[in-house]
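Worksheet: the structure to be examined is printed underneath.
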Amino acid sequence: MEGKNISTHPDIPGEETHTGTALVETATAAIQGFGPINKIHQHLCAFHFYGHDMTRQVEAHHFCAHQNDEMRQCLIYDSPEKDARLIGLEYIVSENLFMTLPDEEKRMWHSHEYEVKSGVLFMPGIPGPIQRQDLDKVAKTYGKVFHFWQVDKGDDLPLGIPQVMMALTRDGQLYNNLKQDVETRFHVCFDSESENRKSMTGPVHGIHPMANAGGKGIKTVLRETDCEPVDSVPRVFV
């Protein structure tokens with residue numbers, strides 16, 4: 001079974017943006033500050049697959065900001081174009097922070113070593129030598145990502161519940177047509193870049209056995225439960 005890239009997408013339901021709306025957006029953009037968004041400094045491209053179904057592979061464009069030297073947070077879009085859809089979020093942490101997590105939590109995080117060393121994780125438009133300075137650090141990190149919009153199904157709105165996603169960990173997992181499509185559109189060669197990254201290393205202690213869902217499938221599910229009424233919640237008055 002071959003995957004397909006969603007490089008184009010159907011129109012989002014709803015009326016076109018009115019002139020009045022556009023004017024308001026222009027005015028607020030000139031006055032308000034967008035601190036969190038303005039911290040974004042990096043565009044990474046890679047592939048995610050659904051934690052319970054490796055056949056569902058999605059091109060993922062990460063727009064990332066550092067919280068500090070050991071954690072960055074990324075908005076995930078389906079393309080780098082101005083009309084791209086926001087489809088998910090990813091948190092990236094150092095090996096040091098990952099090791100502090102409970103084992104059950106570790107299962108929801110994926111390693112980045114293979115993605116980096118194989119060349120499939122790259123910075124569009126950035127020369128290789130400059131990319132590699134940061135990607136050498138990324139190779140040692142772990143990421144936790146949820147997708148809210150199942151664009152691979154052709155959904156024109158974000159339907160269903162968020163799904164935990166995973167990343168590639170070995171050769172032969174990525175559909176060849178997805179690889180070729182991205183290489184063509186972004187003028188990159190994963191195999192050539194992989195040769196230039198041979199000296200990179202992953203986590204100091206090796207990839208943790210509980211990472212990458214412990215080598216098994218993992219799926220987000222919705223479970224009905226009782227909701228405690230407000231009157232039953234203890235109140236503290238100061």
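These numbers come from a predicted model, not from an experiment.
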To the nearest 0.5 Å, what is the distance between [atom1] on [X] and [atom2] on [Y]?
X: Tyr77; Y: Leu75; atom1: OH; atom2: CG; answer: 5.0 Å
X: Leu174; Y: Glu115; atom1: CG; atom2: CD; answer: 10.0 Å
X: Leu159; Y: Lys153; atom1: CG; atom2: NZ; answer: 7.5 Å
X: Ile92; Y: Lys144; atom1: CD1; atom2: NZ; answer: 14.0 Å
X: Lys117; Y: Ser194; atom1: NZ; atom2: OG; answer: 8.0 Å
X: Phe148; Y: Arg85; atom1: CZ; atom2: CZ; answer: 15.0 Å

Would you check if the side chain of [X] reaches a backbone N or O of [Y] as a donor-acceptor pair within less than 3.5 Å?
X: Tyr142; Y: His208; answer: yes
X: Thr100; Y: Leu97; answer: yes
X: Gln73; Y: Cys64; answer: no
X: Asn212; Y: Ser111; answer: yes
X: Gln173; Y: Thr169; answer: yes
X: Lys106; Y: Leu101; answer: yes

**Request:** Give a yes or no on this: more than 12 heavy atoms of other residues, nucleotides or ligands lie within 6.0 Å of atom CG of Asn68.
**Result:**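 More than 12 within 6.0 Å, yes.
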**Request:** Kindly check if the number of other-residue, nucleotide or ligand heavy atoms within 6.0 Å of CZ (Phe63) is above 12?
**Result:**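 Atom CZ in Phe63 is crowded, with more than 12 foreign heavy atoms closer than 6.0 Å.
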**Item:** Pair Arg72 + Asp134, salt bridge at N-O below 4.0 Å
**Value:**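 Between Asp134 and Arg72 there is a salt bridge, with a charged N closer than 4.0 Å to a carboxylate O.
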**Note: Asp181-Arg185 ion pair, threshold 4.0 Å (strictly below)** =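 Salt bridge: yes.
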Minimum side-chain heavy-atom gap [X]-[Y] below 4.5 Å:
X: Arg132; Y: Asn196; result: yes
X: Met165; Y: Phe146; result: no
X: Phe47; Y: Leu121; result: no
X: His110; Y: Val145; result: yes
X: Ile218; Y: Arg107; result: yes
X: Met71; Y: Thr141; result: no
X: Lys140; Y: Val116; result: no
X: His43; Y: His62; result: no

Taking all non-hydrogen atoms of both residues, which atom of [X] and which atom of [Y] are closest, and how far apart?
X: Lys137; Y: Gln133; value: CG-O, 4.3 Å
X: Ser192; Y: Cys189; value: OG-SG, 3.2 Å
X: His61; Y: Ser79; value: CD2-CA, 3.4 Å
X: Met200; Y: Asp136; value: CG-OD1, 3.5 Å
X: His66; Y: Lys39; value: O-NZ, 3.0 Å
X: Phe49; Y: Ala167; value: CE2-O, 3.3 Å

**Prompt:** For Thr55 and Asp53, does a side-chain donor sit closer than 3.5 Å to a side-chain acceptor?
**Reply:**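 A donor-acceptor contact under 3.5 Å links the two side chains.
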**Asked** For Trp149, which of Asp155, Asp78, Ile76, Val58 qualifies under side chain to side chain contact (heavy atoms under 4.5 Å, CB included)?
**Response**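 Of all the options given, the one that passes is Asp155.
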**Request:** Test Leu135 against Arg197 for side chain to side chain contact (heavy atoms under 4.5 Å, CB included), laying out the working first.
**Result:** CA-CA 9 Å; Leu135 293 181; Arg197 301 180 186 181; 3.4 Å; yes
Is it the case that one hydrophobic cluster holds both [X] and [Y], taking links as side-chain heavy atoms less than 4.5 Å apart, direct or via other members?
X: Leu86; Y: Tyr91; value: yes
X: Val164; Y: Met54; value: yes
X: Ile40; Y: Leu44; value: no
X: Met108; Y: Met210; value: no

**Request:** Could you give me the CA-CA distance, side-chain angles and deciding distance for Val93 and Glu70, then say whether side chain to side chain contact (heavy atoms under 4.5 Å, CB included) is met?
**Result:** CA-CA 6 Å; Val93 299; Glu70 293 193 70; over 6 Å; no
**Request:** Using the ring-ring contact (aromatic ring centres under 6.0 Å, His included) rule, collect all pairs that involve residues 113-136, keeping only residues at least two apart or in two chains.
**Result:**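 As it turns out, the ring-ring contact (aromatic ring centres under 6.0 Å, His included) pairs with a partner in residues 113-136, which skip direct neighbours, are Phe122-Phe186, Phe122-Phe190.
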**Message:** Working note: Glu113 + Ile207, criterion side chain to side chain contact (heavy atoms under 4.5 Å, CB included); need CA distance, chi angles, decisive distance, verdict.
**Reply:** CA-CA 8 Å; Glu113 179 178 2; Ile207 297 174; 3.6 Å; yes
**Request:** Apply the side-chain hydrogen bond (donor to acceptor under 3.5 Å, both in side chains) test between His147 and each candidate in Arg56, Glu90, Gln163, His48; give the one that qualifies.
**Result:**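 The side-chain hydrogen bond (donor to acceptor under 3.5 Å, both in side chains) with His147 is passed solely by His48 among Arg56, Glu90, Gln163, His48.
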**Message:** Between Met123 and Val188, is the side chain to side chain contact (heavy atoms under 4.5 Å, CB included) condition met? List the steps.
**Reply:** CA-CA 10 Å; Met123 299 180 189; Val188 296; over 6 Å; no
